[in-house]
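Here's the structure, in structure tokens; my notes come after.
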2 protein chains.
Amino acid sequence: MSYTYKYPHYSVTVDCVVFALDMVEDELRILLIRRGEEPYKGMWALPGGFVQPDESLHCAAERELGEETGVRNIFLEQLYTYGEPDRDPRERVLSVAYYALVDINAYELHASSDADDAAWFSLSDLPELAFDHSEMIKCANGRLQGKIEYQPIGFELLPGKFTLRQLQKLYEIILNKTLDKRNFRKKILKMEILDELDEIEKDVTHRAARLYSFNKTRYEEKVKSGLYFEI
Amino acid sequence: MSYTYKYPHYSVTVDCVVFALDMVEDELRILLIRRGEEPYKGMWALPGGFVQPDESLHCAAERELGEETGVRNIFLEQLYTYGEPDRDPRERVLSVAYYALVDINAYELHASSDADDAAWFSLSDLPELAFDHSEMIKCANGRLQGKIEYQPIGFELLPGKFTLRQLQKLYEIILNKTLDKRNFRKKILKMEILDELDEIEKDVTHRAARLYSFNKTRYEEKVKSGLYFEI
DNA sequence: TCAAAAGTGTTGAGCGTACACCCATGC
DNA sequence: GCATGGGTGTACGCTCAACACTTTTGA
């Protein structure tokens, strides 16, 4: 197959910065794949690939992520578009970067498509990456830190049922600072956007904490009547 | 000239949502051009055009804006990339949207290039626009409203020397709510990021107000030592 | 009974908010 | 001298920050 055009055209890829939370090591993790093809063959990179003619950018990001890693149905938002003329050694390729938030336990990684391997890496201990993918991760992390304080996106990183301690730890990890337990609880509970469940956590070696779930409908109602989410 | 590729490639344009402030009518204005070519010939649209092979996206936005309207050297930031397969009737065209902030008095508009005309329109009274440009403006306005509260970008819409009243009005127009004069002054002056000049405004029919200027260096120092800009 | 984390209340300080009057200037 | 906006101070309430102890559970 070949395409001919009158004016300059460029390849377009999508790349995904997928965040997850490691509650054991208290750190953010990023999903990387090992490249199965040139250029940068064998190197770690963000999952992504070429945008097909009939799919939107968002769909392309969802598709590539699913194909290369098995991760599906997640929070996915456009981040930034990288278009330096020489960012790809082959020819000019634009990349529309997305970032995603997932519950790390909800997926079993399946490397496939043109990725040899897929794995979670600590944000603070990343390997050398292909293309300008390091820059994308830096940008995505900045966006996450900024947005998590005024939008309830943190819940995307937790299972549907979670403890307040887990939620607090999430903020502590992402914002990289400690929070006062009592003040944190007061603040988040006063918003009345969490449902207190009749369940407690299991398999813990100490007193089990109550489980909560995020009530998105209630949140949206509250926003309409003036709630300003903020941590 | 013609280009041939092995895989699907797309045209890429940049489009700019240029904001300015009309302090007389108390409203935001947007810079539009009248299209001189098909498709949508004769219709109003955002200034923009195709990205050339050797220029970055940012440079392309700056160039197109300069060519089509005469506006140069301004605050310009990437907004969002639009890539629905059918957003352009000719063929698939991606558009990387930028938004810009300018002092409306600093430029004389020069229509040229492939624009028949360039003019400022009130945000609340826009004509029908080509492509998905209405959506871009809506997105840019949301970004502006969000960002102006926690980043000192509002100054880009004012001349270098301005009165506190002008600055307050700027926030009132963009956020679409009234602010208390005394509280606004206290808040902004306490940040110590404005230089109080030994000058007052001219040609006013009442007591002239003192002029101030934004001290960017001081602002950056203060940010390092913990200032969190917020209106 | 010990260890580990859950869960809870109070106080003080600083900040945001609301509000009214005098001042300087041009006409 | 009057109209117009410039410029200022204070008091109150609320929110945020700081802080320590009791409770529950499993091992």
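All values below were derived from every heavy atom in this structure, side-chain atoms included, with hydrogens, water molecules and symmetry-related copies excluded. Just so we're on the same page: letters track the sequence lines, and every chain starts at 1.
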- [ ] Give me the ring orientation class for A:H133 and A:F131: parallel if the planes are under 30° apart, tilted from 30 to 60°, perpendicular past 60°.
- [x] tilted

TODO: Please state how far atom CG in A:N183 lies from atom P in D:dT15, giving the value in whole angstrom units.
DONE: 14 Å

Task: Residue from B:L194, B:L170, B:L101 passing side-chain contact (heavy atoms from CB on, under 4.5 Å) with B:F155 - done: B:L194

- [ ] Could you check how far CG of B:L189 sits from C1' of D:dG9, rounded to whole Å?
- [x] 14 Å

Task: Intermediate values then yes/no, side-chain contact (heavy atoms from CB on, under 4.5 Å), A:E25 and A:S122 - done: CA-CA 9 Å; A:E25 299 291 328; A:S122 162; over 6 Å; no

Task: Spacing of A:Y228 atom OH relative to D:dT15 atom P, expressed in whole Å - done: 16 Å

Open item on the list: Does A:R185 reach a base, just sugar-phosphate, or nothing at all? Heavy atoms under 4.0 Å.
Closed with: base

Open item on the list: With nearest nucleotide decided by heavy atoms, which residue, B:R210 or A:A208, maps closer to the 5′ end of DNA chain D?
Closed with: B:R210

Task: Value in whole Å for how far the C1' atom of D:dG9 lies from NZ of B:K190 - done: 15 Å

Task: Nearest-nucleotide comparison on DNA chain C, the residue closer to the 5′ end among A:D180 and A:T205 - done: A:T205

Task: Given DNA chain D, 5'-ward residue of the pair A:K181 and B:R165, judged by closest heavy atom - done: B:R165

Open item on the list: Apply side-chain contact (heavy atoms from CB on, under 4.5 Å) to residues B:D15 and B:Y98 and explain how you reach the verdict.
Closed with: CA-CA 6 Å; B:D15 289 304; B:Y98 281 75; over 6 Å; no

Open item on the list: Any N or O donor-acceptor pair under 3.5 Å from the base of D:dT23 to the side chain of A:R207?
Closed with: yes

Open item on the list: Expressed as a whole number of angstroms, how long is the span from B:Q166:CD to D:dG6:P?
Closed with: 10 Å

Open item on the list: Output the rounded distance in Å from NZ (B:K186) to P (D:dG9).
Closed with: 10 Å

Open item on the list: Between P on D:dG6 and CZ on B:R182, what's the gap in Å once rounded to a whole number?
Closed with: 13 Å

Open item on the list: Distance under 4.0 Å to a non-hydrogen atom of chain A counts as contact; along DNA chain C, which nucleotides mark the start and end?
Closed with: C:dA4 to C:dT10

Open item on the list: For B:E230, I'd like to know if atom CD has over 12 heavy atoms of other residues, nucleotides or ligands within 6.0 Å.
Closed with: yes

Task: N-O pairing of A:E192 and A:K222 below 4.0 Å - done: yes

- [ ] Kindly give the heavy-atom pair with the smallest separation between A:C16 and A:L76, and that separation in Å.
- [x] SG-CD1, 4.4 Å

Task: A:H206 NE2 - D:dT22 C1' separation (whole Å) - done: 16 Å

